[in-house]
Amino acid sequence: MDRVLIADDHPLVRDGLRAVISLAFEGCELFEAATLDEALGVLGEGAEFDLVLLDLNMPGATGFDGLDRMVAQFPATPVVVVSGSHTAALVRGALAHGAAGFVPKSLRRSAIAEALRAVLDGEVYVPADIAEEITTEDAAEASIRRRIDLLTPQQRVVFGLMVAGRLNKQIAYELDVSMTTVKAHVSAVLAKLEVFNRTQAVILANRVGFPPVIPTRK
DNA sequence: AGGTTTCAGCCATTCACCCG
DNA sequence: CGGGTGAATGGCTGAAACCT
């Protein structure tokens, strides 16, 4: 590893990363940036970088847009996200936006060095515990989708209206059937989704992005 | 025949309202 | 304020009609 850019607005964090990298990768040339524009400027100077360590929350960047801009402008440079928080959703989002790895700031020095080596070897690095959490979540969501697949077409329509927040009475009106019919469909949906009430069903729907049904009848 | 859709009837819970 | 009452709503079950 020859050239690394550390992009973080906190000098203390930059110092810490600098110490870890210079210890683990002897002779490595280190560059620093405190804002997103500064980081993009350094990368745009021409010389190739082996790695960028990017903080998601820097001046000029909110959410994943800083990562997006960097990946779009320098697709050949691996970007490792360095973050203070490390929820499964955040890690998943970072990877989806093109990050080559995710390193929590709470990680041990040796683990950070290992993570950077893994990325240099072409791997996508995620801490083991978070990877496990993501795998578990993926399995749970797959299970929800399997259960939703069991619904009949009419049950899916009713479910969609439930997700849209409609009462049984409103669903009955929208579909031009009796309320008891709607209740039967709702009961079938709850049984197939293995939940006890519509609130839990709607939560499952939102978790996997099941679309609400927008009624057409006036 | 078996699955889907529809319905009536029933019970439980929640909430607003009224009355003492 | 607390208890009784009725309406609204959610949910379950059994049964009939319909479709493939």
Side-chain angles (χ1 to χ4, degrees), chain A residues 54-58 61-69 71-72 79 81-107 123-218:
Chain A
L54 175 69
D55 181 16
L56 286 180
N57 298 309
M58 285 207 305
T62 54
F64 294 111
D65 67 343
L67 175 62
D68 284 338
R69 286 174 62 188
V71 169
V79 180
V81 169
V82 181
S83 176
S85 60
H86 51 278
T87 62
L90 185 66
V91 175
R92 198 199 304 259
L95 299 184
H97 283 78
F102 191 99
V103 173
K105 288 176 180 172
S106 56
L107 217 57
E123 292 177 32
V124 173
Y125 177 84
V126 175
D129 56 335
I130 298 176
E132 191 179 340
E133 193 178 337
I134 290 176
T135 306
T136 305
E137 281 188 13
D138 286 347
E141 288 176 11
S143 165
I144 294 168
R145 289 197 185 87
R146 273 197 301 277
R147 279 177 269 165
I148 289 176
D149 284 343
L150 296 176
L151 301 182
T152 65
Q154 189 73 332
Q155 286 166 359
R156 292 180 76 91
V157 172
V158 171
F159 186 35
L161 286 161
M162 288 163 63
V163 174
R166 295 297 187 278
L167 303 176
N168 287 343
K169 200 175 189 175
Q170 294 171 310
I171 296 173
Y173 176 76
E174 301 292 350
L175 300 182
D176 197 22
V177 296
S178 76
M179 198 158 79
T180 52
T181 299
V182 174
K183 289 177 176 181
H185 285 314
V186 170
S187 291
V189 169
L190 300 184
K192 286 184 177 178
L193 297 185
E194 298 173 25
V195 295
F196 296 109
N197 56 51
R198 65 210 291 131
T199 305
Q200 292 176 325
V202 170
I203 289 171
L204 291 190
N206 289 331
R207 197 163 158 188
V208 297
F210 186 87
V213 170
I214 310 302
T216 52
R217 176 170 169 168
K218 289 279 176 332

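Naming: A, B, ... by sequence-line order, numbering from 1 per chain. Here the structure is a predicted model, which means the values were calculated and not measured.
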> Take atom CD in A/Glu132; do more than 12 heavy atoms of anything else shown fall under 6.0 Å from it?
Replying inline: no
> Would you say a side-chain N or O of A/Ser178 is under 4.0 Å from OP1 or OP2 of B/dC7?
Replying inline: yes
>> Restricting to non-hydrogen atoms, name the atom on A/Gly98 and the atom on A/Val71 that form the minimum distance, rounded to 0.1 Å.
In response: O-CG2, 3.9 Å
> Within this structure, what is the CE-to-C1' distance between A/Met179 and C/dT13, rounded to whole angstrom?
Replying inline: 16 Å
>> Strictly below 4.0 Å: does A/Asn168 bring a side-chain N or O up to OP1 or OP2 of C/dT9?
In response: no
> In whole angstroms, how far is the P atom of C/dA8 from the NZ atom of A/Lys183?
Replying inline: 12 Å
All N/O contacts under 3.5 Å from nucleotides 2-5 of chain B to the protein, with atom names and distances to one decimal?
| residue | atom | partner | partner atom | Å |
| --- | --- | --- | --- | --- |
| B/dT5 | OP1 | A/Gln154 | N | 3.3 |
| B/dT5 | OP2 | A/Thr152 | OG1 | 2.4 |

> Looking only at heavy atoms, which two atoms of A/Pro127 and A/Phe102 are closest? And how far apart?
Replying inline: CD-O, 3.3 Å
> Looking only at heavy atoms, which two atoms of A/Gly84 and A/Lys105 are closest? And how far apart?
Replying inline: N-CD, 3.8 Å
> Between C/dT9, B/dG9, C/dT13, which one does the side chain of A/Lys169 approach most closely?
Replying inline: C/dT9
>> Once rounded to the nearest 0.5 Å, what's the spacing between atom CZ of A/Phe210 and atom CD1 of A/Ile144?
In response: 12.5 Å
> Where is the tightest heavy-atom contact between A/Asp55 and A/Met58, given as atom of each residue plus distance?
Replying inline: O-CG, 3.5 Å
>> Rounding to an integer number of Å, can you tell me how far A/Asn197 CG sits from C/dG10 C1'?
In response: 9 Å
> Can you tell me how far C1' of C/dA8 sits from OH of A/Tyr173, to the nearest Å?
Replying inline: 19 Å
> Can you check the A/Gln170 CD to C/dA8 P distance for me, whole Å?
Replying inline: 14 Å
